[in-house]
Number of protein chains: 2
Amino acid sequence: MRKDNRQDEADETRHSERPTLKTLAFMTGLGVTTVSRALKDAPEIGAETRKRVQMVARQIGYRPNRAGVRLRTGKTNVISLVLDTEEQIGGFVSDMIYGISEALAPTPYHLIVTPYSRNNDPLEPVRYIVETGSADGIIISRTEPDDKRVRYMSEHGFPFATHGRTRMGIEHPYHDFDNRAFAAEAVRTLAGLGRRRLALLPPPPNLSYYHHMREGFAEALAEHGLSEIPFPAATLDNSIDTIRASTVDMMRRRGCPDGIVSGAGGATFALVAGIEDAGLQLGREVDIVSKQSSRLLHLFRPQIYVVNEDVRLAGSELAHAVMARIAGAPVASLQTVSRPGTVERAHR
Amino acid sequence: MRKDNRQDEADETRHSERPTLKTLAFMTGLGVTTVSRALKDAPEIGAETRKRVQMVARQIGYRPNRAGVRLRTGKTNVISLVLDTEEQIGGFVSDMIYGISEALAPTPYHLIVTPYSRNNDPLEPVRYIVETGSADGIIISRTEPDDKRVRYMSEHGFPFATHGRTRMGIEHPYHDFDNRAFAAEAVRTLAGLGRRRLALLPPPPNLSYYHHMREGFAEALAEHGLSEIPFPAATLDNSIDTIRASTVDMMRRRGCPDGIVSGAGGATFALVAGIEDAGLQLGREVDIVSKQSSRLLHLFRPQIYVVNEDVRLAGSELAHAVMARIAGAPVASLQTVSRPGTVERAHR
DNA sequence: CTGGTAATCTGTAACGTTTCAATATACTTG
DNA sequence: CAAGTATATTGAAACGTTACAGATTACCAG
């Protein structure tokens with residue numbers, strides 16, 4: 001008395017429905033278990049059977065039901081990108097997403113975007129994902145030297161990768177741009193132009209790369225015996241108007257900087273506007289070296305010196321890192337830092 | 001002989017595990033079915049029981065298991081945003097995502113990003129989602145007047161919303177920016193400045209809003225008795241270099257335009273660079289009216305006249321539209337067009 | 001009282017998958 | 001040839017949820 005009989009036949013009739021293991025089992029005359037195993041190349045399945053099953057599966061376009069797998073195994077095949085919704089000007093989010101997508105495309109993983117507002121607790125979305133198991137891995141950005149989220153995910157053994165490094169004695173996968181090298185190189189460039197009094201427009205001081213950038217800046221400053229003019233209360237996170245006003249303010253003082261290093265392309269727009277508001281001219285009274293992820297700065301003002309950051313690459317690296325981590329790869333192999341390219345200027 | 005007894009007790013012990021309906025059933029002393037129904041306010045559940053269950057559920061932080069729901073009901077609680085990965089310069093993707101996220105945040109829906117390469121068939125990702133049922137609804141952009149994807153989803157009764165309208169006799173939810181009004185208003189502005197020979201930098205001609213923009217452009221041109229100078233083979237999709245080169249080419253000819261309408265902020269950067277390459281000056285020999293989604297154009301060149309498009313709003317509208325469609329709302333109520341704001345210029 | 005009906009509540013099955021323990025078959029080996 | 005063993009295959013159970021068809025109780029009309 002095979003009660004399955006009834007169902008197999010029913011299965012046969014529902015033509016338009018999506019094929020399941022049961023469908024395959026019926027078609028091949030095998031049991032569901034065998035089919036399941038054959039599809040994942042289990043060793044205890046006969047070579048011929050395996051081939052036969054896989055062939056039929058491909059023919060009828062079988063795709064494992066994600067909900068079924070997820071329910072049974074807990075594996076979601078989802079990578080979650082956790083983002084803050086307070087748009088940074090000219091943000092690099094789209095590039096990051098494209099990079100991740102690119103890496104995920106040939107895999108069974110899907111990308112889901114989990115937002116949080118910067119005024120809320122950044123740990124919250126992470127905790128939600130870990131507690132509900134709604135993803136297999138997480139990618140975060142805006143990493144801090146001592147990062148709650150990193151600690152939390154580490155303690156819970158949850159796979160993740162960070163855009164940016166930490167300094168908390170926890171080893172974890174990351175990808176980072178070498179902001180130290182960038183800042184140092186930027187200062188050297190300005191020194192080479194004869195600039196002596198430099199200012200830095202840095203990221204907010206709670207973020208890891210603030211420190212890297214500052215270190216590189218300070219290091220090269222000392223190296224060339226230059227001095228720093230402090231930027232009054234402005235960071236890359238501020239609005240265009242804030243940065244612009246802050247810049248005007250700074251540039252109107254006596255002893256204003258003759259060289260500025262900017263950590264992001266969007267902010268540099270505001271920076272330049274401020275400089276010009278103050279009646280100064282780029283390449284004359286001041287020079288700027290700026291990082292950028294888009295390619296617009298050279299069009300904006302050809303006098304700007306530019307270092308490109310490939311955020312798309314970062315996204316791709318991060319995606320590969322989380323996946324490898326999920327697969328159990330050792331952390332040490334999943335930490336990459338991309339060196340900045342050379343400082344470029346528009347060739348007109 | 002209640003075989004469940006064993007399991008209920010086991011359930012009781014696994015403290016750290018995530019609560020399920022069974023956990024709730026055990027705690028309240030009710031059956032799993034009752035609990036399930038109580039949580040969704042089914043009418044056949046006693047008022048007191050309902051309250052009791054919901055209270056306990058809230059206390060212990062019960063969250064329905066998505067895989068369970070999905071497997072049983074087919075409901076994924078996922079909205080998929082289908083994107084092409086060929087980055088348009090200064091693309092608005094991040095804004096769109098933020099807008100969608102915003103709308104989805106207070107709902108059980110998650111956002112998943114499904115990319116496709118522009119050289120591949122754009123129908124493919126859509127078909128994948130529909131066939132595998134991996135989302136409850138889809139949002140697409142780069143809508144064409146006769147759009148395969150729209151036809152496909154319509155025929156399959158799959159909920160979706162498009163960024164941009166179609167002209168194929170199929171009613172469906174959409175959100176669009178009134179590009180016709182934008183172009184017309186842009187032309188009027190240029191006419192008001194005494195410009196007589198206008199060029200349009202349009203989107204690629206296969207997209208719907210190409211036609212809208214062209215119509216508005218042509219209409220206002222006729223209205224003021226102005227003439228069009230054709231833009232040689234450039235669209236908003238082209239690279240910076242292409243647009244720039246194309247612009248130089250155009251501006252060096254006799255009878256070059258004295259006014260240009262540009263459909264996107266990113267392209268306008270290239271456009272301006274081209275104009276200046278040709279030795280012309282903005283506000284003197286030429287004026288530009290450009291749409292933008294970021295706020296950078298005024299910083300770039302204060303002479304540019306700008307119309308802002310709120311892509312974040314678009315995202316939010318689209319998300320609401322799909323969700324409403326999923327819930328069965330009539331299509332007619334889910335079609336919105338946002339009117340452009342006034343043409344602005346930097347006030348220095 | 002009897003029989004009916006509304007109001008509450010409940011067990012079972014099913015969604016598609018994988019894991020476990022078991023079975024059937026063929027092949028060695030002493 | 002008995003007994004063990006490797007090979008190939010299998011059904012049942014479980015993951016967490018909801019739909020279905022019953023069950024139990026209380027109440028009311030006749």
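Naming: A, B, ... by sequence-line order, numbering from 1 per chain. All values derive from a computational prediction rather than experimental measurement. Scope of the values below: all heavy atoms of this structure, side chains included, with no hydrogens, waters or symmetry mates.
- Note: CG (B/L71) to C1' (C/dA14) measures 9 Å, nearest angstrom.
- Residue-level contact check: B/G68 touches the bases, meaning some heavy atom is under 4.0 Å from a base atom.
- When each of C/dC20, D/dT9, D/dT17 is scored by its nearest atom to the side-chain atoms of A/R37, the top-ranked nucleotide is C/dC20.
- With D/dG11, C/dC9, C/dG11 as the candidates, the nucleotide lying closest to the side chain of B/T33 is C/dG11.
- The shortest non-hydrogen separation linking A/L318 to A/Y174 is CD2-C, 4.3 Å.
- Sequence order on DNA chain C of the closest nucleotides to B/R50 and A/P64 puts B/R50 first from the 5' end.
- Whole-Å rounding puts the B/K22 NZ to D/dA14 P distance at 8 Å.
- For the pair B/A47 and B/T73, nearest-nucleotide mapping onto DNA chain C gives the more 5' position to B/A47.
- Relative to the side chain of B/L30, the nucleotides C/dT10, C/dT18, D/dC15 differ in distance, and C/dT10 lies closest.
- Of the residues B/T166, B/T162, B/L123, the one that meets the side-chain contact (heavy atoms from CB on, under 4.5 Å) test with B/D147 is B/T166.
- For B/N65, the side-chain atoms get nearest to D/dT17 when compared with the rest of C/dT17, D/dT17, C/dC9.
- Atom CG in B/L21 sits roughly 15 Å away from atom C1' in C/dA14 (whole-Å rounding).
- Taking only side-chain atoms of B/S36, from C-beta outward, the nucleotide of C/dC20, D/dT18, C/dG16 with the closest atom is D/dT18.
- Comparing D/dT18, C/dC9, C/dG16 by their closest approach to the side chain of B/E44 singles out C/dC9.
- B/R151 approaches B/I170 most closely through the heavy-atom pair CA-CD1, 4.1 Å.
- For A/R72, the listed nucleotide lying nearest its side chain is C/dT18; candidates were C/dT12, C/dT18, D/dT10.
- Residue A/V32 has its side chain nearest to C/dT17 when only D/dT10, C/dT17, C/dG16 are considered.
- Distance, B/I45 CD1 to D/dA19 C1': 13 Å, rounded to whole Å.
- Contact check for A/N77 versus A/R66: side-chain heavy atoms found under the 4.5 Å cut-off.
- The nearest whole Å value for the distance from the NZ atom in B/K40 to the C1' atom in D/dG16 is 12 Å.
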